[in-house]
Amino acid sequence: MPSNAGAAEAFREIADLLDVLGERFKPEAYRRAARSIETLTEELAAVAARNELRSIPGVGDAIAEKIREYLATGSIPYLERLRHDVPAGVVAMMRLSGLGPKTARRFWVDLGIEGPSALAAAIDAGRLDGVKGFGPKKIAQVRSAVESARIAPATGPGRAPIEEVYPVAERIVNALRARAPADRVEAAGSFRRRRETVGDLDVLVSSTEPEAVFDAFSALPEVREVRLRGGTKETVVLSTGLQVDLRVVEPAAFGAALQYFTGSKDHNVHLRSIARDRGLKVNEYGVYRGDERVAGRTEEEVYAALGLAWVPPEVREDQGEVEAAAKGRAFPRLVDDHDLTGDLHVHLPEAADAADVDRLRAAARARGVTSLGVVVGGVRADGSTFVLAVDARARLDAREGRSAGVWRAVETGPTGLPPPLRGLEHDYRIVRPTRDAPDPAPLAPGAPVLLVAHLGGGGEEGVGRVRRWVEWAREVGAAVEVGPGPERLDATWARLARATGVPLALPRGLTGPTDDPTAPIALGFARRAGAEPRDVRVAPPKRAEPRRRPTGSP
DNA sequence: GCCGTTTTCGGCCCGACTGTTTTCAGTCG
């Protein structure tokens with residue numbers, strides 16, 4: 001079954017194979033197309049059916065044709081030819097740490113080495129000794145790369161989910177702010193853009209004493225190994241295996257460096273081409289006209305020097321945001337922390353009492369949350385439903401009053417209310433899809449549906465399911481919940497919800513620990529989807545008071 | 001292979017770091 005992910009993977013493989021064949025610009029063209037395809041919110045087949053493949057950034061005539069071949073037959077003849085021409089092991093050698101296409105190609109063409117195991121044998125046999133460009137250090141490095149690839153196969157540690165990286169990044173940034181002689185410390189890279197996964201963590205420091213910053217950084221307890229250290233950058237590996245790159249720049253260059261190291265690569269390339277057109281040059285130290293630095297202290301300065309409005313990090317993917325920033329107006333204001341004055345979906349534990357309710361209220365007040373949806377019933381992992389103890393329910397009701405900005409919500413599976421709560425006035429339903437019922441059931445009469453929660457469960461086969469639920473949310477006027485994790489909606493699907501006209505709901509993490517990463521990440525995902533304040537629902541929609549009387553009581 | 005209110009051809013980001021090279025090539029981000 002052809003899929004967007006499958007097409008993207010095929011183009012990445014083409015890029016790798018072209019790399020070892022020594023092609024100069026084609027590999028990046030195929031990779032750019034692969035990245036664009038991955039961010040699509042609809043199936044390639046649907047785009048192809050409308051004859052709009054060329055509208056995908058980075059897709060021209062040649063790649064559009066290959067997409068059509070892939071959709072029709074599940075394979076791409078060009079890729080099959082490349083696979084036939086290049087031994088699979090050559091790409092594997094290219095992926096070894098510290099090696100690249102040039103070196104892999106030399107091993108293959110000059111020495112007849114066709115893969116990592118043959119490379120190991122060649123090193124053991126001394127076949128690299130005396131080869132131009134390979135001194136003892138380089139040979140040792142290659143040998144160690146082969147060894148570590150054997151221990152950790154494939155592409156190494158890979159990319160980590162952002163919710164795992166978030167607490168680590170917070171700790172490192174805070175520790176450097178406390179212990180290093182630094183003006184400013186910020187995490188940059190795909191972490192700052194709130195990508196769903198993070199490869200390496202980039203941390204940027206503004207300081208005039210890089211050596212002292214590196215010393216403080218290397219001494220952090222989670223640092224396992226210092227991989228390299230120069231005058232302006234240091235790379236370490238944490239005990240979790242996460243690689244962290246630290247860059248130190250002077251304060252006058254901090255904005256330019258933050259812009260540069262936040263990326264994305266495509267966004268930066270686009271900015272530089274604009275700079276070139278204006279007779280300017282952009283690098284991580286500033287925007288230059290000749291030798292004169294005309295901007296660099298802040299990101300806003302850098303964008304302004306290029307005639308652009310400042311672009312929020314979460315949308316810097318060269319998917320149209322540069323053109324929007326060039327229109328001469330401010331960039332559309334994306335939803336921010338202070339817009340989130342309500343939380344539709346707060347859970348209290350099954351045994352919650354009045355003190356828990358008070359704590360929740362206090363947490364809400366402290367974060368500027370003036371309306372709360374409190375789930376008084378829920379669904380356990382085994383599918384059974386529960387309600388709060390009657391006593392706690394009564395206390396919640398008594399404290400809630402009519403104007404406290406608190407409403408109750410009842411969380412259900414896809415089919416109706418749990419029996420004990422049927423008929424309660426003022427209840428809104430929060431519906432969560434389950435594996436057993438992947439599709440929405442016909443809407444039963446009762447309280448309105450406020451929210452579809454824990455949607456997602458992504459993967460290729462989950463795509464259609466997400467689309468059906470988003471469509472259903474639009475029909476019944478529900479919002480969809482955005483957040484990290486396998487059951488939540490990431491930025492791609494938040495984008496789909498926005499395009500469908502479905503409001504987003506974002507958690508504030510009110511009942512979690514204070515450093516609960518879920519809330520800021522969910523906000524970042526919504527911003528990646530381009531969500532503005534009006535796209536987010538923070539309170540239940542106004543509705544007429546229910547006419548019918550309660551038909552039962554718990 | 002893609003792209004273009006300077007271009008449909010001739011560009012395609014740019015600097016840090018390492019190892020090996022006596023002035024640079026390759027990798028990385």
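Below, chain A is the first sequence line, B the second, and so on; all start at residue 1. Values below: all heavy atoms of this structure, side chains included; hydrogens, waters and symmetry mates excluded. Source: prediction; values computed, not measured.
- Side-chain contact between A:Leu271 and A:Leu308: present, with at least one pair of heavy atoms (C-beta onward) separated by less than 4.5 Å.
- The side chain of A:Lys281 has B:dC14 as its nearest neighbour among B:dG19, B:dG1, B:dC14.
- Atoms CZ and OG, from A:Arg316 and A:Ser190 in turn, are 13.0 Å apart once rounded to the nearest 0.5 Å.
- Between A:Arg31 and A:Asp16 there is a salt bridge, with a side-chain nitrogen of the basic residue lying less than 4.0 Å from a carboxylate oxygen of the acidic one.
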Would A:Tyr78 and A:Phe11 count as a ring pair (Phe, Tyr, Trp, His ring centres under 6.0 Å) here? Give the steps.
CA-CA 10 Å; A:Tyr78 181 61; A:Phe11 289 136; 9.5 Å; no

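- Across all strands shown, B:dG29 forms a Watson-Crick or G-U wobble pair, both distances under 3.5 Å, with B:dC14.
- At the heavy-atom level, A:Arg24 lies nowhere under 4.0 Å from the strands shown.
- Spacing between B:dC12 and B:dC17 at atom P, rounded to whole Å, works out to 25 Å.
- Two residues, A:Val282 and A:Arg32, neighbour DNA chain B, and the one matched to the more 5' nucleotide by heavy-atom proximity is A:Arg32.
- An OP1 or OP2 oxygen of B:dG15 is reached within less than 4.0 angstrom by no side-chain nitrogen or oxygen of A:Thr232.
- Among the heavy atoms of the strands, none lies under 4.0 Å from A:Gly189.
- Ring geometry for A:Tyr166 against A:Phe191 counts as tilted: the plane angle lies between 30° and 60°, on a 0 to 90° scale.
- The separation between A:Ile14 atom CD1 and B:dC2 atom C1' is 15 Å, rounded to whole Å.
- The only member of A:Arg179, A:Glu234, A:Arg229 that meets side-chain contact (heavy atoms from CB on, under 4.5 Å) when paired with A:Phe217 is A:Glu234.
- Rounded to whole Å, the distance from CD1 on A:Ile139 to C1' on B:dT18 is 15 Å.
- Taking the C1' atom of each, B:dG15 and B:dG10 are spaced 24 Å apart, rounded to whole Å.
- Nearest-nucleotide mapping onto DNA chain B: of A:Asn283 and A:Leu228, the residue sitting toward the 5' end is A:Asn283.
- The pair A:Arg143-A:Asp124 meets the salt-bridge criterion, with a side-chain N (NZ, NE, NH1 or NH2) lying under 4.0 Å from an Asp/Glu carboxylate O.
- Taking atom NE2 of residue A:His270 and atom C1' of nucleotide B:dC2, one finds them 13 Å apart after rounding to whole Å.
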Please table the atom pairs, donor to acceptor, closer than 3.5 Å between any side-chain atom in residues 240-256 of chain A and protein atoms at least two apart or in another chain.
unit_1	atom_1	unit_2	atom_2	d
A:Thr240	OG1	A:Leu242	N	3.4
A:Gln243	OE1	A:Arg227	NH1	3.3
A:Gln243	NE2	A:Asp245	OD1	3.4
A:Asp245	OD1	A:Thr235	OG1	2.9
A:Arg247	NH2	A:Glu284	OE2	3.2
A:Glu250	OE2	A:Arg293	NH2	3.2

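- The phosphate of B:dA16 has OP1 or OP2 within less than 4.0 Å of a side-chain N or O from A:Tyr285.
- With rounding to whole Å, A:Arg227 atom CZ is found 17 Å from B:dA16 atom C1'.
- The side-chain ring of A:Phe25 is stacked on the base of B:dC12, judged by centre separation under 5.5 angstrom and plane angle under 30 degrees.
- By the neighbour-count criterion of 12 heavy atoms within 6.0 Å, atom NZ of A:Lys138 is densely surrounded, having more than that number from other residues, nucleotides or ligands.
- Note: OH (A:Tyr288) to P (B:dC14) measures 13 Å, nearest angstrom.
- Remark: P of B:dC2 and CG of A:Leu53 are 12 Å apart, rounded to the nearest angstrom.
- Between the P atoms of B:dT20 and B:dC14, the separation comes to 29 Å (whole Å).
- A gap of 16 Å separates the C1' atoms of B:dT27 and B:dT21, to the nearest Å.
- B:dG29 and B:dT22 have their P atoms separated by 28 Å, given to the nearest Å.
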Taking protein heavy atoms under 4.0 Å as touching, what does nucleotides 22-29 of chain B look like 5' to 3' if B marks base contact, S marks sugar-phosphate-only contact and - marks none?
----SSSB

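- The closest side-chain heavy-atom distance from A:Pro484 to A:Thr518 is below 4.5 Å.
- Put simply, the side chain of A:Arg528 reaches to within 4.5 Å of the side chain of A:Glu196, judged on heavy atoms.
- Spacing between B:dG11 and B:dT6 at atom C1', rounded to whole Å, works out to 13 Å.
- When the C1' atom of B:dT5 is taken as reference, atom CD of A:Glu323 falls 13 Å away, rounded to whole Å.
- Atom CG of A:Asp318 and atom P of B:dC3 are 10 Å apart (whole Å).
- The separation of B:dG19 from B:dT23, taken at their C1' atoms, amounts to 14 Å, rounded to a whole angstrom.
- Looking at residues 61-75 of chain A, you'll see A:Asp61, A:Ala62, A:Ile63, A:Lys66 sit with a heavy atom under 4.0 Å from some atom of DNA chain B.
- The P atoms of B:dT8 and B:dG4 are separated by 13 Å, rounded to the nearest whole Å.
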